[in-house]
Trainee: 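Sharing a structure here in structure tokens format.
Keep in mind it's a predicted model, so treat the numbers as computed, not measured. Atom set for the values below is all heavy atoms of this structure, side chains included, hydrogens, waters and symmetry mates excluded.
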Amino acid sequence: GEVSAYSSFVVFGTGLLVMILVKEAVAKWLSPWWVIEGVGLLGAGFLLRDRAYRICALSVLLLSCVRLLIFDLSLRYSNNGNILISSALCFFVLGALAKVRVIRTLIGEGEASVCRGFIVFATGLLVLILQREVAAKWLSLWWAVEGVGVLGVGFLLRDRVYRICGLGVLSLSCLRLVFVDMAGVDTIYRIIAFIVLGAVLLGASFVYSKVMTKTRNKDEQVATAITK
């Protein structure tokens, strides 16, 4: 009974703060304020080792995700691009929390799945932001930069979701380069560009394979050392 009442108070307080922000915050800052609320509750949930706080935090963060996609992304006003990019970076960081050893021992599989979902959301949001903010002639390049960055973080954290998202963005960049950027180029230049692109992709796949092999070998060595 006491636990249920306590959890109800946490839910009520979370919802009340969400509604206060809806009423008091400037429209363009509402999503960031919800993100801040969600991060604060999540921090409290980790500090107190309390699942009710963490569930409420994830709910608020998911609400901010919906608003960012449906409302903020469709509007243009001062600093809107910076707000969206900051929000996307924040969700990238939140997605990486599931890799922190201390946090991983606290959260369940459901919470970890939501954190991994934040990585996918942040990747897609940043793709859409770049499509909106960057000049068309530079879009494929910026998507490639994003893909390489996300892929690099995936290798650094040894996180499969980051790596898949990075590969997905790189694939999107390649498709746009082939079917959009090269559409008006003479045939000979298109052939040369395709050859160069193929060589780059082969080199990238070789590097990816080598890095993954080293990562697996290190993981196997660690597992063997722990077993011994």
Side-chain angles (χ1 to χ4, degrees), residues 3-100 102-104 106-133 146 150 153 157 159 161-162 164-165 168-169:
V3 175
S4 298
Y6 165 76
S7 299
S8 299
F9 286 144
V10 174
V11 173
F12 174 77
T14 301
L16 181 62
L17 186 53
V18 166
M19 297 308 296
I20 291 172
L21 290 173
V22 169
K23 184 179 179 183
E24 299 295 333
V26 179
K28 70 177 181 178
W29 292 105
L30 180 56
S31 296
W33 276 114
W34 279 352
V35 172
I36 292 171
E37 177 188 354
V39 170
L41 288 170
L42 197 60
F46 290 138
L47 186 64
L48 300 174
R49 298 174 179 265
D50 190 284
R51 190 167 183 268
Y53 272 98
R54 298 198 303 271
I55 295 300
C56 288
L58 293 176
S59 300
V60 175
L61 290 168
L62 288 172
L63 182 63
S64 68
C65 289
V66 174
R67 192 177 190 279
L68 283 165
L69 282 177
I70 295 177
F71 183 78
D72 295 305
L73 198 60
S74 63
L75 297 180
R76 288 183 179 272
Y77 43 77
S78 178
N79 293 324
N80 177 243
N82 294 332
I83 291 171
L84 289 169
I85 291 173
S86 299
S87 299
L89 294 176
C90 183
F91 280 105
F92 272 123
V93 174
L94 288 171
L97 288 178
K99 298 296 292 184
V100 179
V102 176
I103 293 176
R104 195 166 60 237
L106 292 176
I107 62 178
E109 182 57 34
E111 295 172 65
S113 297
V114 175
C115 288
R116 289 191 288 268
F118 287 151
I119 300 171
V120 179
F121 168 77
T123 303
L125 179 62
L126 192 53
V127 165
L128 295 174
I129 293 169
L130 291 173
Q131 184 181 26
R132 197 189 75 163
E133 299 292 331
E146 178 190 352
V150 175
V153 172
L157 298 179
D159 190 289
V161 178
Y162 271 102
I164 290 174
C165 288
V169 178

Trainee: Give, for atom CG of L157 and atom OH of Y162, the distance between the pair rounded to the nearest 0.5 Å.
Mentor: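 With rounding to 0.5 Å, CG (L157) is 6.0 Å from OH (Y162).
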Trainee: Quick check: closest heavy atoms across D72 and L84, and the distance to 0.1 Å?
Mentor: CB-CD2, 3.7 Å
Trainee: Report yes if the side chains of L125 and L69 come closer than 4.5 Å at any heavy-atom pair, otherwise no.
Mentor: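 In contact.
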Trainee: Do other residues, nucleotides or ligands put more than 12 heavy atoms under 6.0 Å from F71 CZ?
Mentor: yes
Trainee: So which atom in F91 and which in S64 form the shortest heavy-atom distance, rounded to 0.1 Å?
Mentor: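 Looking at all heavy atoms of both residues, the shortest contact is CZ-OG, 3.4 Å.
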Trainee: Quick test of your reading: applying salt bridge (charged side-chain N to carboxylate O under 4.0 Å, His left out), list the pairs with at least one residue in residues 45-61, sequence neighbours left out, ordered by first then second residue.
Mentor: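 Output for this query lists R51-E111, R54-E111.
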Trainee: If you compare all heavy atoms of T14 against all heavy atoms of E37, which two are closest, and at what distance to 0.1 Å?
Mentor: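 Heavy-atom minimum between the residues: O-OE2, 3.1 Å.
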Trainee: If every non-hydrogen atom of L106 is compared with every non-hydrogen atom of F46, which pair is closest and at what distance?
Mentor: CD1-O, 3.8 Å
Trainee: Is there a side-chain hydrogen bond (donor to acceptor under 3.5 Å, both in side chains) between R116 and S113? Walk through the geometry before answering.
Mentor: CA-CA 5 Å; R116 289 191 288 268; S113 297; 3.2 Å; yes
Trainee: With heavy-atom distances below 4.5 Å as the criterion, would you say the side chains of L126 and F92 are in contact?
Mentor: yes
Trainee: Is there a side-chain contact between L68 and W34, using heavy atoms and a 4.5 Å cut-off?
Mentor: no
Trainee: Hey, could you give me the CD/CG distance between E133 and N80, rounded to the nearest 0.5 Å?
Mentor: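 With rounding to 0.5 Å, CD (E133) is 7.0 Å from CG (N80).
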Trainee: Do you know which two heavy atoms are closest between A52 and S7, and how far apart they sit?
Mentor: CB-OG, 4.0 Å
Trainee: So, for R132 and L73, which heavy atoms are closest and what is the spacing to 0.1 Å?
Mentor: NH1-O, 3.1 Å
Trainee: Are any non-hydrogen side-chain atoms of I119 and D159 less than 4.5 angstrom apart?
Mentor: yes
Trainee: Nearest 0.5 Å please: distance from the CZ atom of F121 over to the OG1 atom of T123.
Mentor: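 Output value for this atom pair is 10.5 Å.
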Trainee: I want to check something: taking the side chain as every heavy atom from C-beta on, are L94 and L42 in contact at a cut-off of under 4.5 Å?
Mentor: yes
